There are 2 protein chains.
Amino acid sequence: MFKTGCMLTQSEENYLKAIYSLSEQNAEMISTNLLADKMATKASSVTDMIKKLSEKSLITYLKYQGCELTPFGRETALQIIRKHRLWEVFLVEKLNFGWEEVHEIAEQLEHIQSSKLTDKLDEFLKFPKIDPHGDPIPDKNGVFQKQIIAQPLASIQISEKATITGVEDGSSEFFQFLKRYEIGLGTEIKVLEKFSFDQSILILVGDKEINLSALVSQKIYVCQA
Amino acid sequence: MFKTGCMLTQSEENYLKAIYSLSEQNAEMISTNLLADKMATKASSVTDMIKKLSEKSLITYLKYQGCELTPFGRETALQIIRKHRLWEVFLVEKLNFGWEEVHEIAEQLEHIQSSKLTDKLDEFLKFPKIDPHGDPIPDKNGVFQKQIIAQPLASIQISEKATITGVEDGSSEFFQFLKRYEIGLGTEIKVLEKFSFDQSILILVGDKEINLSALVSQKIYVCQA
DNA sequence: TTCAATATTTAGCCTTGTCTAAAAATAGTT
DNA sequence: AACTATTTTTAGACAAGGCTAAATATTGAA
Ligand SMILES: [Mn+2]
Ligand SMILES: [Mn+2]
Ligand SMILES: [Mn+2]
Ligand SMILES: [Mn+2]
């Protein structure tokens, strides 16, 4: 359908993004099972794809050891992430989507092939530096500000105040949950109590007390100004 | 990846558009070869796809006779065309692309699955009625104004004047050709001469005389105000 | 060090969409 | 009516991307 020799399929691009994302947390090589889990697929399928990406010099692969992005692969992944986040900004800023709705659509838009389109979109949006979820947007050279010094909400001490600067990019359900409790970027919170038996946390948002599970409090990032 | 049971692949959507487009010119059923030609593929591949679309009640199919869109298929095709043309407007109006560059990109964007996105885009663009090439844009119910009464440039008599109201949606090369000669929507022209030996036509654009081949003069539509 | 549990790869099959080559149906011409 | 020429369909193959089941490598606990 399109010409250029080094064009990637949507599937290849999605794997690349997943490997990049896992590399952020894991220092070492990415294992087949970890990737299979992330991609919600089977280890055998991952092995096949890993070989393909390695063939294209996007990752290095050592049998039974795992894989790792090459500089070229990293650059490629960052360009996909750039597109994803720019489209998210477009959807929220220009089309008035809620921040909880845009991830799914951006998952499709990130695969549109036209670097001219990406650059013009970037310009149209006035070169935004972060997306609606607080994640940094790489520029056309793949350069981006490292995440603002943020820590998981879970790590805040009792009676401390903090401002939400980001949330982990995830399911629409998660964002709907946050919206339900009127939690968003810039929301100020105060930690009231922490329950050790289940690691849940009680916070104050406006004048409402909300109990958040350990899972949720790990996915919300805050900054203590 | 997406839920709804009746989701179409990009390939299926492209066939549907091609069948719709051919139905505009051909009164009868669309033959396998005609469609193969349009899709730049082989007749055997078309037969396979035709069966699939027929299975999904998007077309009616009679062996050896050809195929035809069902009302449901027509509606589906119009929604894809709607998306294609809305994105073309977006690219030209908002991102300042040239009208000759947008078709290729819109070929990709038209497959993004989200009717909410389409409707919000439509609203953002102020519900445009025609795309950058003069083609009408169906609304969310598939309703659109029939093409402005236009005739091919080839049919204009010598010494008559006319205004360009549309061009056939085609290759980027074609649009670049038109741009090269400063021919666009709204351009006023005058027919100076018509050469019967090759059906070419000599027109006046501004103060320049331009000879257009029969092929080109069939693809440009004009209106005599 | 040995052996079982776990992780990874291989082998073989499926679906989608494409192709070529061969078979069958239709159309056109005498 | 008969016989070509053309169109269309079928049959068989292939590549991409997925799956299951089986084989193999690695790990780590006794
Ligand atoms: Mn996202
Ligand atoms: Mn995001
Ligand atoms: Mn177009
Ligand atoms: Mn158009």
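What you are looking at is a predicted structure, and each value in this text was computed from that prediction instead of being measured. Each chain gets a letter, A, B and so on, in the order its sequence line appears, and its residues count up from 1.
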- Protein-nucleotide distance (B:Met29, atom CE; D:dT8, atom C1'), rounded to Å: 14 Å
- Apply side-chain contact (heavy atoms from CB on, under 4.5 Å) to A:His103 and A:His84, showing your working. CA-CA 8 Å; A:His103 184 77; A:His84 181 105; 3.2 Å; yes
- Query: Closest to the A:Met49 side chain: D:dG18, C:dC19, C:dT16?
  - Reply: D:dG18
- Item | Separation of C:dA27 P from B:Glu28 CD (nearest whole Å) | 13 Å
- Task: Could you check how far CD of B:Gln10 sits from C1' of D:dA16, rounded to whole Å?
- Result: 15 Å
- Message: Between B:Glu123 and B:Lys140 (salt bridge meaning N to carboxylate O under 4.0 Å), is one present in this structure?
- Response: no
- Could you tell me whether A:Glu101 and B:Lys116 have a side-chain N and a carboxylate O separated by less than 4.0 Å? yes
- Mark up nucleotides 5-12 of chain C, 5' to 3', with B wherever a protein heavy atom is under 4.0 angstrom from a base atom, S wherever such an atom reaches only the sugar-phosphate, and - elsewhere. --SSBB--
- Task: Name all residues meeting the side-chain hydrogen bond (donor to acceptor under 3.5 Å, both in side chains) criterion together with A:Lys94; count only those two or more places apart in sequence or in a different chain, and write none if there are none.
- Result: none
- Over 60° means perpendicular and under 30° means parallel, so classify the ring planes of B:Phe174 and B:Phe177, tilted if in between. parallel
- Passing option when B:Arg82 is tested against B:Asp139, B:Asp119, B:Asp135, B:Asp131 for salt bridge (charged side-chain N to carboxylate O under 4.0 Å, His left out): B:Asp119
- How many Å lie between NZ on A:Lys52 and P on D:dA15, as a whole number? 12 Å
- Task: Could you check B:Thr60, B:Ile19, B:Thr47 and say which one makes a side-chain contact (heavy atoms from CB on, under 4.5 Å) with B:Cys67?
- Result: B:Ile19
- Message: Does the plane of the ring in B:Phe124 sit parallel, tilted or perpendicular to the ring in A:Phe90? Use 30° and 60° as the thresholds.
- Response: perpendicular
- Task: Under 4.0 Å from any atom of DNA chain D, heavy atoms only: list the residues of residues 17-26 of chain A that qualify, in numerical order.
- Result: none
- Task: Specify the separation, in whole Å, of atom CG of B:Asp37 and atom C1' of D:dT6.
- Result: 15 Å
- Message: For C:dG17 and B:Thr9 - does any side-chain N or O of the residue sit under 4.0 Å from the phosphate oxygens OP1/OP2?
- Response: yes
